[in-house]
Amino acid sequence: MKETPLSNCERRFLLRAIQERKRLDGRQCYDYRNVRISFGPERGCCVVELGKTRVLGQVSCELVPPKPNRATEGILFCNLELSPMAAPGFEPGRQSELLVKVNRLIERCLRNSKCIDTESLCVVAGEKVWQIRVDLHLLNHDGNIIDAASIAGIVALCHFRRPDVSVQGKEITVYSPEERDPVPLSIHHMPICVSFAFFQQGTYLLVDPNEREERVMDGLLVIAMNKHQEICTIQSSGGIMLLKDQVLRCSKITAVKVAEITELIQKALENDQKVRKEGGKFGFAESISNQKITAFKMDSAAVDTNNVEEQAEEIITKADPPSEVFAKPILHTPGTAQIGEGIENTWGELEESEREEAAEEEGESSATAFECQRAETEDTSMMSEAKDEPIVLSDSEEEEVVILEPQEVPKKTSLLLL
């Protein structure tokens, strides 16, 4: 899945803000985002947060044969993984151009700068040495992956402890942490990368660019330096031409930022070591703030249980008396019932419109019944008058006269509409 490109309006907005010395997150041009370091339950595991960019670092070791041309030196290997969990534009199992560039820069920063004494990793010259592997995983991408990965790598190496070994003749014994305390790595210095983004061919400069600023920048300058102001590596990309004064200004800014980050790393390592010695709680779960929903712990609150009975009696005396309870249901209208207090319902009552309709129906039914009764009365009187007189019916075709007796005349049936 490809990353979502920036629209022209957003690009122009970002460039216009940079020209006015403004940034989206409110920082100044030379401000660095907050760095937060948390350690895992095991040695050599840490998570570094640079703003919203988050990198997980894990260090492991194993005994391997040394390289033929370096028989008395150990091996340091670094690897960075860009997973789709960090950003949808990263594809698993594919070496993108960004991944190759960052991996090479991290290797030059950590391995080529000789920050670790590789000769101290030798167990038996020419036979067995320690191979230290640094695995870095990008958990969330919000720009400046290089700086976050370099900080995570050096912090994980400083926090790591390798097992202790002993050699007797040709026999090599590796001790568990319960038998002997693990041994820390011999670290000479801590190289840290600081990135600078340039805009409009070097006219404008930003420190620690975020993801949006990286999309509109013209070039990138990365300087790796330790707290002794020794430049370990430097890399420029993007095809921009930088002047000597610009590089010197960036190196001075890097020296200040590296000193601050190194002090933060040392304080974090000291605090973790102190907590582990005292037997306190440590790990990722303890670093999560309690205000979040995903917190694994809650602050314990002390509850005062003294004079509980007296407080309960005071509450009962001050409380209002209970309301009257109805033992039997209240029947307001036929077919309805109510238990307890409440508003009376009007289910059995009719509305005005329904009342008018019912009255009209009653009037129509009474008028119809009256007309039917009147018609029946008239028919009865007529039949009584013609009771003794015969009725003559004539047939025009046969010209015959038929005389019927009054008893043979059928009676009229009356219909009463209800």
Side-chain angles (χ1 to χ4, degrees), residues 1-36 48-55 80 82 84 86-91 96-106 138-151 192-225 233-258 260-261:
M1 179 178 179
K2 295 182 179 180
E3 62 181 3
T4 305
L6 286 178
S7 62
N8 294 332
C9 295
E10 192 171 6
R11 184 180 297 274
R12 287 194 298 267
F13 173 78
L14 291 171
L15 294 175
R16 180 66 178 275
I18 293 171
Q19 291 177 4
E20 297 178 359
R21 301 293 193 274
K22 297 178 182 178
R23 306 179 74 171
L24 296 181
D25 49 9
R27 291 183 291 158
Q28 299 297 325
C29 296
Y30 298 158
D31 288 349
Y32 212 81
R33 285 179 290 181
N34 294 331
V35 180
R36 187 169 181 266
V48 174
E49 299 179 17
L50 180 58
K52 293 183 179 180
T53 301
R54 183 177 299 178
V55 178
L80 174 65
L82 304 179
F90 299 145
E91 297 181 7
S96 61
E97 182 180 357
L98 175 63
L99 179 60
V100 174
K101 181 180 71 174
V102 176
N103 267 323
R104 290 178 179 176
L105 185 59
I106 295 299
L138 183 63
L139 303 180
N140 190 42
H141 175 41
D142 191 33
N144 203 1
I145 303 174
I146 298 174
D147 293 10
S150 68
I151 296 173
I192 297 172
C193 295
V194 178
S195 300
F196 301 88
F198 291 92
F199 303 86
Q200 295 186 4
Q201 297 300 321
T203 305
Y204 301 100
L205 168 66
L206 294 182
V207 179
D208 183 22
N210 56 24
E211 191 262 344
R212 298 288 176 133
E213 294 169 347
E214 285 182 348
R215 292 192 181 189
V216 298
M217 67 182 181
D218 295 334
L220 183 69
L221 176 65
V222 181
I223 300 177
M225 185 182 295
T233 183
I234 185 170
Q235 175 177 316
S236 176
S237 60
I240 59 173
M241 301 298 293
L242 297 178
L243 300 177
K244 180 179 66 174
D245 295 338
Q246 292 176 326
V247 177
L248 290 177
R249 182 177 59 175
C250 292
S251 63
K252 293 178 181 179
I253 297 173
T254 303
V256 177
K257 302 300 180 183
V258 167
E260 296 176 355
I261 297 174

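All figures in this text were calculated on a predicted structure; none of them were measured in a lab. Just so it is clear, the values below take in all heavy atoms, side chains as well, and ignore hydrogens, waters and symmetry mates.
D218 contributes a side-chain N or O that, together with a main-chain N or O of Q201, makes up a donor-acceptor pair within less than 3.5 Å. Judged by distance alone, with hydrogens and angles left aside, the side-chain atoms of S150 form no donor-acceptor pair with the main-chain N or O of I192 at under 3.5 Å. Between the side chain of N103 and the backbone N or O of L80, at least one donor-acceptor pair lies under 3.5 Å.
Shown here are the salt bridge (charged side-chain N to carboxylate O under 4.0 Å, His left out) partners of D147, two or more places apart in sequence or in another chain: there are none. Considering only residues two or more places apart in sequence or on other chains, E214 meets the salt bridge (charged side-chain N to carboxylate O under 4.0 Å, His left out) condition with none of them. In this view, T233 and L105, R108, C109, A224 satisfy the side chain to side chain contact (heavy atoms under 4.5 Å, CB included) rule, not counting sequence neighbours. Annotation: side-chain hydrogen bond (donor to acceptor under 3.5 Å, both in side chains) contacts of R27 (sequence neighbours excluded): D25, D208.
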Exercise answer: donor-acceptor pairs, residues 236-245 side-chain atoms, under 3.5 Å, sequence neighbours excluded:
none

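Counting all heavy atoms, side chain and backbone alike, F199 lies closest to M217 at CE2-CA, 3.3 Å. Between T53 and G143, the closest heavy-atom pair is OG1-O, 2.8 Å.
Here the CG atom belonging to L206 is positioned 10.5 Å from the CG atom belonging to D31, to the nearest 0.5 angstrom. Atom OG of residue S251 and atom CE of residue M225 lie 5.5 Å apart, to the nearest 0.5 angstrom. Atom NZ of residue K101 and atom CD of residue Q235 lie 6.5 Å apart, to the nearest 0.5 angstrom. Taken to the nearest 0.5 Å, the CD1 atom of I106 stands 13.5 Å off from the CZ atom of R104. The distance from the CZ atom of F13 to the CG atom of N8 is 15.0 Å, given to the nearest 0.5 Å. Between atom CG of residue L139 and atom CG of residue L82 there is a gap of 11.0 Å, rounded to the nearest 0.5 Å.
In this structure, L138 and F90 have side chains that are in contact, with non-hydrogen atoms separated by less than 4.5 Å. The closest side-chain heavy-atom distance from V247 to I234 is below 4.5 Å.
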For this session: Evaluate the side-chain contact (heavy atoms from CB on, under 4.5 Å) criterion for residues R33 and D142: first the C-alpha distance (whole Å), next the side-chain angles of each, then the deciding distance (0.1 Å), finally the verdict.
Result: CA-CA 11 Å; R33 285 179 290 181; D142 191 33; 3.5 Å; yes

Passes side-chain contact (heavy atoms from CB on, under 4.5 Å), R249 versus L205? Steps please.
CA-CA 10 Å; R249 182 177 59 175; L205 168 66; 3.8 Å; yes

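Within 6.0 Å of atom OH in Y32, more than 12 heavy atoms from other residues, nucleotides or ligands are found, so the atom counts as buried in its surroundings.
Just one of N210, N34, V55, V35 meets the side-chain contact (heavy atoms from CB on, under 4.5 Å) condition when paired with L50; it is V35.
Sorted by first and then second residue, the salt bridge (charged side-chain N to carboxylate O under 4.0 Å, His left out) pairs with a member in residues 14-24 read R16-E20, E20-K22, R23-E213; sequence neighbours excluded.
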